[in-house]
Visitor: 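Structure provided below as C-alpha cells; questions to follow.
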Amino acid sequence: MKEVAIIEEKDLSLVSNNILNKSQLSLLLQKTPAQYVRKRPAKGGGEWEYVTAGYVKKILNLMFGWDWDFEILSEIINIEARQVIVKGKLTCRSNGMTIVKMQYGRQDLKFRKGTLELLDLGNDMKGAASDCLKKCASELGVAADIYNKE
C-alpha cells in the first residue's frame with residue numbers, strides 16, 4: 001500500500017492565516033483514541049471502523065468551545081429503498097470566522113417482521129442525522145485516521 005503523507009505538528013508553522021489555531025489543529029491531527037473506535041459489519045463483507053456521534057460532538061465541543069451548530073436541511077424517507085436520507089449543515093465558529101460543511105447521512109429503515117410497517121421512524125431519522133453530523137465533521141478532519149485511510 002502506498003504511504004500517505006501525514007501532516008505533523010512541525011508542519012503547522014507552514015500554515016498562515018488559518019481559521020484554526022494550533023490547539024484546534026492538534027486535535028484534528030491526533031490519532032483517534034482506541035476506546036472511541038468501533039467496528040461493524042460492512043455490506044458485502046468485511047468490517048468498517050467508525051466513531052460514535054458522541055465522540056464527534058466531544059471533539060467539536062473541545063475544538064470550538066460549544067460554538068457550533070448542526071441542522072438538517074432536508075430529509076427523504078424512501079420506503080422502496082428502505083432508507084432515510086438527510087442533508088445536513090455543520091457550522092463552526094472560530095477566531096471570528098465561520099466554517100460551514102454540508103454532507104448527507106443515511107440510515108436503513110427498520111420494519112416490523114414480515115411487514116412494511118415502520119418500527120420506529122424517529123429513531124431511524126436520528127440515526128441518519130448522527131451519520132450526517134459525522135460526515136460533516138469528517139470534512140473538517142475529525143477522525144480522519146478512521147474515515148480517510150486512503
Side-chain angles (χ1 to χ4, degrees), residues 2-44 46-79 81-110 118-150:
K2 185 179 173 184
E3 284 290 318
V4 177
I6 301 206
I7 298 172
E8 297 176 8
E9 191 124 357
K10 64 181 169 80
D11 298 325
L12 296 180
S13 62
L14 302 174
V15 179
S16 61
N17 73 352
N18 198 317
I19 290 174
L20 302 178
N21 63 37
K22 190 173 179 179
S23 264
Q24 291 167 312
L25 288 169
S26 291
L27 269 171
L28 285 180
L29 296 176
Q30 75 177 357
K31 182 170 171 44
T32 304
Q35 71 263 32
Y36 296 110
V37 179
R38 307 277 169 81
K39 293 182 181 185
R40 68 177 174 87
K43 290 182 179 181
E47 277 186 331
W48 281 341
E49 289 185 330
Y50 70 98
V51 295
T52 65
Y55 172 75
V56 168
K57 290 173 188 176
K58 178 180 180 174
I59 294 299
L60 291 172
N61 286 338
L62 289 171
M63 283 183 64
F64 299 106
W66 287 263
D67 196 6
W68 61 274
D69 301 298
F70 177 70
E71 62 184 296
I72 300 298
L73 302 175
S74 64
E75 57 196 44
I76 300 168
I77 301 166
N78 188 327
I79 300 292
R82 298 177 175 250
Q83 292 182 344
V84 59
I85 301 164
V86 299
K87 180 180 182 181
K89 178 170 87 169
L90 174 63
T91 304
C92 304
R93 288 164 289 280
S94 178
N95 302 314
M97 300 184 84
T98 302
I99 303 168
V100 176
K101 298 293 181 185
M102 287 190 277
Q103 228 348 315
Y104 291 89
R106 57 161 289 281
Q107 175 75 34
D108 289 336
L109 294 169
K110 289 154 196 79
L118 289 168
L119 191 58
D120 188 344
L121 178 58
N123 201 48
D124 295 337
M125 293 182 79
K126 284 190 294 184
S130 292
D131 185 52
C132 187
L133 171 63
K134 292 188 302 183
K135 289 183 179 185
C136 287
S138 75
E139 295 285 327
L140 284 173
V142 174
D145 59 319
I146 302 300
Y147 293 119
N148 298 309
K149 289 182 183 215
E150 300 300 320

Visitor: Can you list the steps and then say if Phe70 with Lys89 is a side-chain contact (heavy atoms from CB on, under 4.5 Å)?
Guide: CA-CA 6 Å; Phe70 177 70; Lys89 178 170 87 169; 6.0 Å; no
Visitor: Does a side-chain heavy-atom distance below 4.5 Å link Gln103 with Asp131?
Guide: no
Visitor: Is there a side-chain contact between Gln24 and Ser94 (heavy atoms, below 4.5 Å)?
Guide: yes
Visitor: Donor-acceptor pair, Tyr147 side chain versus Glu139 backbone, under 3.5 Å?
Guide: no
Visitor: Is Asp124 salt-bridged to Arg106, cutoff N-O under 4.0 Å?
Guide: no
Visitor: Once rounded to the nearest 0.5 Å, what's the spacing between atom CD of Glu75 and atom SG of Cys132?
Guide: 11.5 Å
Visitor: Under 4.5 Å between any side-chain heavy atoms of Leu121 and Ile77, yes or no?
Guide: yes
Visitor: Quick check: are there more than 12 heavy atoms from other residues, nucleotides or ligands sitting under 6.0 Å from NZ of Lys31?
Guide: no
Visitor: For Ala128 versus Gln107, what's the shortest heavy-atom pair and its separation?
Guide: N-CB, 3.6 Å
Visitor: Between Phe64 and Leu140, is a side-chain contact (heavy atoms from CB on, under 4.5 Å) present by the stated rule, with each step listed?
Guide: CA-CA 12 Å; Phe64 299 106; Leu140 284 173; 4.1 Å; yes
Visitor: Between Ala137 and Val56, which heavy-atom pair has the shortest distance, and what is it?
Guide: CB-CG1, 3.4 Å
Visitor: Do Thr52 side-chain atoms and Tyr55 backbone N/O form a donor-acceptor pair below 3.5 Å?
Guide: yes
Visitor: Looking at Tyr104, I want to see if its OH is surrounded by more than 12 non-hydrogen atoms of other residues, nucleotides or ligands under 6.0 Å.
Guide: no
Visitor: Answer whether the closest heavy-atom distance between the side chains of Gln30 and Leu25 falls below 4.5 Å.
Guide: no
Visitor: Using modelled atom types and a 3.5 Å cut-off, is there a donor and acceptor pairing between side-chain atoms of Asp69 and backbone atoms of Thr91?
Guide: no
Visitor: Decide yes or no for Val142 and Lys134: does some side-chain heavy atom of the first lie under 4.5 Å from some side-chain heavy atom of the second?
Guide: no
Visitor: Kindly indicate whether the side chain of Ile76, heavy atoms from C-beta on, has any atom under 4.5 Å from the side chain of Val84.
Guide: no
Visitor: Which value, rounded to the nearest 0.5 Å, describes the distance between Cys136 atom SG and Trp68 atom CH2?
Guide: 10.5 Å
Visitor: May I have the step-by-step check of side-chain contact (heavy atoms from CB on, under 4.5 Å) for Ile19 and Thr98, ending in yes or no?
Guide: CA-CA 8 Å; Ile19 290 174; Thr98 302; over 6 Å; no
Visitor: Ignoring hydrogens and angles, tell me if any N or O in the side chain of Lys39 forms a donor-acceptor pair with the backbone of Val37 under 3.5 Å.
Guide: no
Visitor: Between atom NZ of Lys135 and atom CG of Leu90, what is the distance when rounded to the nearest 0.5 Å?
Guide: 14.5 Å
Visitor: Taking the side chain as every heavy atom from C-beta outward, state whether Leu109 and Asn78 have any pair of such atoms under 4.5 Å apart.
Guide: no
Visitor: CG of Leu62 to OG of Ser23: how many Å apart, nearest 0.5 Å?
Guide: 10.0 Å
Visitor: Given side chains that start at C-beta, do those of Asp108 and Arg82 come closer than 4.5 Å, heavy atoms only?
Guide: no
Visitor: Working note: Met102 + Leu73, criterion side-chain contact (heavy atoms from CB on, under 4.5 Å); need CA distance, chi angles, decisive distance, verdict.
Guide: CA-CA 9 Å; Met102 287 190 277; Leu73 302 175; 3.5 Å; yes
Visitor: Salt bridge or not for Arg93 and Asp67, using N-O below 4.0 Å?
Guide: yes
Visitor: With respect to Ile59, which candidate in Val51, Thr32, Leu27 satisfies the side chain to side chain contact (heavy atoms under 4.5 Å, CB included) definition?
Guide: Leu27
Visitor: Side chains of Tyr36 and Lys58 only: does a donor on one sit below 3.5 Å from an acceptor on the other?
Guide: yes
